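One structure is given below, encoded as structure tokens.
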Amino acid sequence: MNRKIFFFGTASLLLAAGAAQAKDVTLRPFTNPVVSSTVPFVDCTSSGALKGGGGKYGTQVQIQFKKLNMPDTDGIPCTADDVICLQQTTSTVGAASLATEILFRAEVKKGQIKIKHDMCAENSGLCPGAIGVTPSYAERVACYAADPSFNPGIVYALQPNACEGLVLSQVTPGSALIAETGSTSGCP
């Protein structure tokens, strides 16, 4: 799928897009670029989806995985065993393009991950109209295994989790990639 997803980019730079466009809901699947039956996400067995849009301003984000080959995490948000998901975006402010990321952390329970946030409801600085910008698009969403040493720098937090939110640079954990947005083919 080459459709771009309407999302948001920087701390107060969410977008001043029209409400009708913002409420469009887009769904993208996840895939694993590593072909192996020992990885956490196995194409055609595991499933994952990114859903964007919805809500009053179209700022809802949902990431969901099923049938992962991973043990349960401790069930406590913002700890070292959390799965790390990064939504890479580019926003345009005037003539400048800013590479940004939205950082999400997730627990694994019975081979499933569920992430759900309404960016605007959780941080009003991320609401449309906070600062006028050209809409930004999710270029890639990638989820990684836990990395206790991962340091994303300054995080403009989503409430109540200060460990999740907007990161003004693009960073990558040192841990293994679980899955990324893309498409699978050849599945029955």
Side-chain angles (χ1 to χ4, degrees), residues 5 7-14 27-34 39-41 46-55 59-91 98-127 136-182:
I5 303 171
F7 273 109
F8 25 82
T10 59
S12 295
L13 306 177
L14 178 49
L27 186 67
R28 290 181 70 190
F30 278 86
T31 186
N32 186 332
V34 178
V39 294
F41 186 97
S46 303
S47 64
L50 166 70
K51 185 178 180 182
T59 56
Q60 289 181 346
V61 175
Q62 294 181 55
I63 299 171
Q64 199 167 21
F65 289 99
K66 294 180 181 178
K67 297 183 180 178
L68 294 175
N69 294 326
M70 296 181 75
D72 288 358
T73 53
D74 63 11
I76 302 169
C78 299
T79 58
D81 72 341
D82 293 350
V83 168
I84 300 165
C85 292
L86 296 166
Q87 174 184 304
Q88 297 175 344
T89 61
T90 301
S91 297
L98 299 173
T100 59
E101 289 187 324
I102 304 293
L103 166 65
F104 301 106
R105 295 182 183 259
E107 298 294 323
V108 179
K109 185 174 181 180
K110 296 181 181 178
Q112 296 185 49
I113 292 175
K114 294 180 182 180
I115 298 171
K116 184 175 182 179
H117 289 282
D118 186 327
M119 306 300 287
C120 180
E122 295 177 42
N123 185 330
S124 61
L126 297 175
C127 287
S136 59
Y137 298 91
E139 297 172 351
R140 177 178 184 249
V141 177
C143 294
Y144 298 86
D147 180 358
S149 65
F150 177 65
N151 180 2
I154 296 172
V155 176
Y156 295 90
L158 298 172
Q159 299 302 325
N161 295 325
C163 69
E164 297 178 292
L166 181 78
V167 181
L168 294 180
S169 61
Q170 292 190 333
V171 293
T172 304
S175 55
L177 177 67
I178 294 172
E180 61 187 7
T181 49

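As the structure is a computational prediction, the values presented were derived from the model and not from experiment.
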Please round to the nearest 0.5 Å and tell me the distance separating atom [atom1] of [X] and atom [atom2] of [Y].
X     : Y      : atom1 : atom2 : answer
Leu50 : Thr181 : CG    : OG1   : 7.0 Å
Gln87 : His117 : CD    : NE2   : 11.0 Å
Ile76 : Asp82  : CD1   : CG    : 9.5 Å

Taking C-beta and beyond as the side chain, do Ile178 and Met70 meet within less than 4.5 Å on heavy atoms?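 A side-chain contact under 4.5 Å exists here.
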Checklist entry - Given side chains that start at C-beta, do those of Ser46 and Val39 come closer than 4.5 Å, heavy atoms only? => result no
For [X], check side-chain contact (heavy atoms from CB on, under 4.5 Å) against everything at least two apart and list the hits.
X      : answer
Lys66  : Ser47, Gln64, Gln112
Thr73  : Asp81, Glu107, Val108
Ala142 : Arg140, Tyr144, Leu177, Glu180

Locate the shortest heavy-atom distance separating Leu86 from Leu103; write the atom from each residue and the value.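 Smallest interatomic distance, heavy atoms only, reads CD2-CD1, 3.6 Å.
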Tightest non-hydrogen contact, residues Ile63 and Cys85, listed as CD1-CB, 4.3 Å
Checklist entry - What about the rings of Phe30 and Phe41, do their centers lie closer together than 6.0 Å? => result no
Residue set satisfying side-chain hydrogen bond (donor to acceptor under 3.5 Å, both in side chains) with Asp72, at least two apart, ordered chain then number -> none
Report task. Output, in order, the C-alpha distance, side-chain angles, deciding distance and verdict of side-chain contact (heavy atoms from CB on, under 4.5 Å) for Asp147 and Ile84. Result -> CA-CA 8 Å; Asp147 180 358; Ile84 300 165; 4.0 Å; yes
Show, in sequence, the C-alpha distance, side-chain angles and deciding distance for Phe104 and Val61, and conclude whether the side-chain contact (heavy atoms from CB on, under 4.5 Å) test is met. CA-CA 10 Å; Phe104 301 106; Val61 175; 3.9 Å; yes
